[in-house]
Amino acid sequence: MDCMKPLFVGESNPYGADPEFALYPSPRGCSGDRLCRLVLRMDPDAYLDSYERANLCAEPWSTPGARAAARRIFLARDYLRDGSQVVMLGANVTNAFGFNFAPFVVYAERFVCLPHPSGLSRAWHEHGAFDKARGVLRRVGVVQ
């Protein structure tokens, strides 16, 4: 079976619940824009073509709802066979998938933990944080 595109998973979208707009790279400064431009250093069209994107909650954050959504994502993608990667953005998302939040760490060879790209996480303010993120993503094959 061919690998699916890597999946970036966020919390919820303040601009609406339409899944097409999960981590969308507009407007400038939003989480999807910061992920695309600062973390991945990609053109928005290339970003949209290269990755799947999802949010765990369509409404404001709900831990039980997020855990259920994480289970659905895990089961739908059949990670035991397809080998694709999941990039969990932030502590809430990482915890919903059942991992402890530790930025720039890879779990089970395919689950990458990054700080949330909203700009609120202090981890992004550390020197070299964006390079560190790209290095981890490169190591697991999310970026080249």
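Bear in mind that the values here come from a model prediction, so they are computed numbers and not experimental data.
Phe130 is linked by a ring pair (Phe, Tyr, Trp, His ring centres under 6.0 Å) to Trp124, counting only residues two or more places apart in sequence or in another chain. For the side chain to side chain contact (heavy atoms under 4.5 Å, CB included) test, residues two or more places apart in sequence or in another chain that qualify with Ala46 are Met42, Asp43. By the salt bridge (charged side-chain N to carboxylate O under 4.0 Å, His left out) test, Arg71 pairs with no residue at all, sequence neighbours left out. Evaluation of the side chain to side chain contact (heavy atoms under 4.5 Å, CB included) rule for Phe21 yields Asn13, Asp18, Tyr24 as partners, not counting sequence neighbours. Looking at residues two or more places apart in sequence or on another chain, you find no side chain to side chain contact (heavy atoms under 4.5 Å, CB included) involving Pro14. By the side chain to side chain contact (heavy atoms under 4.5 Å, CB included) test, Ser118 is found to be paired with Ser31, His116, Leu120, residues two or more places apart in sequence or in another chain being considered. Listed by chain and residue number, nothing satisfies the side-chain hydrogen bond (donor to acceptor under 3.5 Å, both in side chains) test with Arg67 (two or more places apart in sequence, or in another chain). Among residues two or more places apart in sequence or in another chain, the side-chain hydrogen bond (donor to acceptor under 3.5 Å, both in side chains) test is passed with Asn92 by Glu11.
Residue Leu35 holds its CG atom at 13.5 Å from CZ of Arg41, rounded to the nearest 0.5 Å. How far CZ of Arg134 is from CG of Leu38: 8.5 Å, rounded to the nearest 0.5 Å.
Considering all non-hydrogen atoms of both residues, Leu89 and Pro115 come closest at CD2-O, 4.2 Å. Smallest separation of non-hydrogen atoms from Pro60 and Cys57: O-CB, 4.2 Å. Across all their heavy atoms, Pro44 and Pro25 have their closest contact at CB-CG, 3.9 Å. Here the closest heavy-atom approach between residue Glu59 and residue Ser12 is recorded as O-CB, 3.4 Å.
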Donor-acceptor list for residues 94-107 side chains, cut-off 3.5 Å, not counting sequence neighbours:
residue	atom	partner	partner atom	Å
Thr94	OG1	Gly90	O	2.8
Asn95	ND2	Ala91	O	3.1
Tyr107	OH	Asn100	O	2.4

Using distance only, find each side-chain donor-acceptor pair of residues 136-144 under 3.5 Å and give its atom names and separation, not counting sequence neighbours.
residue	atom	partner	partner atom	Å
Arg138	NE	Gln144	O	3.4

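Pairs engaging residues 22-33 under the salt bridge (Lys or Arg N to Asp or Glu O under 4.0 Å) rule: Asp33-Arg37 [sequence neighbours left out]. Among residues at least two apart or in separate chains, ring pair (Phe, Tyr, Trp, His ring centres under 6.0 Å) pairs with a member in residues 45-65 are Phe8-Tyr51.
In the hydrophobic clustering of this structure, Val93 does not group with Leu114; members are Ile, Leu, Val, Met, Phe, Trp, Tyr whose side-chain heavy atoms approach within less than 4.5 Å, directly or through other members. By the criterion of side-chain heavy atoms lying less than 4.5 angstrom apart, applied directly or through intervening Ile, Leu, Val, Met, Phe, Trp or Tyr residues, Leu23 is grouped together with Leu40 in one hydrophobic cluster. Linking Ile, Leu, Val, Met, Phe, Trp and Tyr residues whenever their side-chain heavy atoms come within less than 4.5 Å places Met88 and Leu7 in a single cluster.
Between the side chain of Lys5 and the main chain of Ser84, no donor-acceptor pair closer than 3.5 Å is present. Side chain of Arg34 to backbone of Pro117: a donor-acceptor contact under 3.5 angstrom is found. A donor-acceptor pair under 3.5 Å links the side-chain atoms of Arg53 to the main chain of Glu20, judged by distance alone.
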Review point. Should Val86 and Val9 be marked as a side chain to side chain contact (heavy atoms under 4.5 Å, CB included) after you check the CA-CA gap, both sets of side-chain angles, and the distance that decides it?
Key: CA-CA 7 Å; Val86 174; Val9 182; 3.9 Å; yes

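No more than 12 heavy-atom neighbours from other residues, nucleotides or ligands sit within 6.0 angstrom of NE2 on His127.
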